[in-house]
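Each remark here refers to the structure printed beneath this line.
Atom set for the values below is all heavy atoms of this structure, side chains included, hydrogens, waters and symmetry mates excluded. Labels below follow one simple rule: chain letters A, B, ... track the order of the sequence lines, proteins then strands, and each chain is numbered from 1.
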Amino acid sequence: MDSKKDFFQDVFEVVRLIPKGRVTSYGAIAKYLGAAKSSRVVGYAMNASHSEKKYVPAHRVVNRNGMLSGKHHFQSPTAMQEALEKEGINVKNDVVVDFKKLFWDPSKELL
DNA sequence: AATGTGACATACC
DNA sequence: TGGTATGCCACAT
């Protein structure tokens, strides 16, 4: 809320709030932060997530299609999928299974 | 200061 | 039904 802070920090906060076994989309986070049009910046924030000292479950953040678009930016291209499967989320062909069911909308769940 | 870039999203052809 | 185009906004150089 304090706009003086980095946008990234807000994104990280929300991402950390994602319950285990759930996923969300960049657009949802952006919207929750009041920057629905900054969905790209959300993804950019994840890119800087490795810069954060605290761990950011970026693997729980996928694109609108539920596709692991950012898996390539992880330690390994498979790290994201494995991390999701570890939490009970099935991933097929780089896409979250039942994405709609597992979708966690901060503006609704966190309401 | 200006230009480039991107882990998206939406619209249009 | 799928690729192309554009918007969008914060960060990097």
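In this structure, A/E52 places its CD atom 13 Å from P of C/dC11, rounding to the nearest Å. Rounding to whole angstrom units, CG of residue A/D10 and P of C/dA10 are separated by 12 Å. The separation between A/L68 atom CG and B/dA7 atom C1' is 10 Å, rounded to whole Å. A/N65 places its CG atom 13 Å from the P atom of C/dG3, with the value rounded to the nearest Å. Atoms CG (A/D94) and P (B/dA7) sit 15 Å apart, rounded to a whole Å. Straight-line distance from the CZ atom of A/F8 to the P atom of B/dG6: 14 Å, rounded to whole Å. Separating the CE atom of A/M46 from the P atom of C/dC11 is a distance of 13 Å, rounded to the nearest angstrom.
Although no hydrogens or angles enter the test, the distance criterion places a donor-acceptor pair under 3.5 Å between the side chain of A/R60 and the main chain of A/I18.
Within a heavy-atom distance below 4.0 Å of DNA chain C, the residues of residues 17-44 of chain A found are A/K37, A/S38, A/R40, A/V41, A/Y44.
Hydrophobic clustering (side-chain heavy atoms under 4.5 Å, transitive across Ile, Leu, Val, Met, Phe, Trp, Tyr) groups A/M80 together with A/V23.
Within the 4.0 angstrom heavy-atom criterion, base atoms lie near A/N47.
Contacts of A/F103 classified as ring-ring contact (aromatic ring centres under 6.0 Å, His included), with partners at least two apart in sequence or in another chain: A/F99.
Counting only N and O atoms by type, the side chains of A/Q9 and A/E13 include no donor and acceptor under 3.5 Å apart.
Contact record, A/A28 with A/P106: O-CG, 3.9 Å, taken as the closest heavy-atom pair. The heavy-atom pair separating A/S38 from A/F7 by the smallest distance is CB-CZ, 4.5 Å.
Across C/dT6 and B/dG4, the matching P atoms stand 16 Å from one another, rounded to whole Å.
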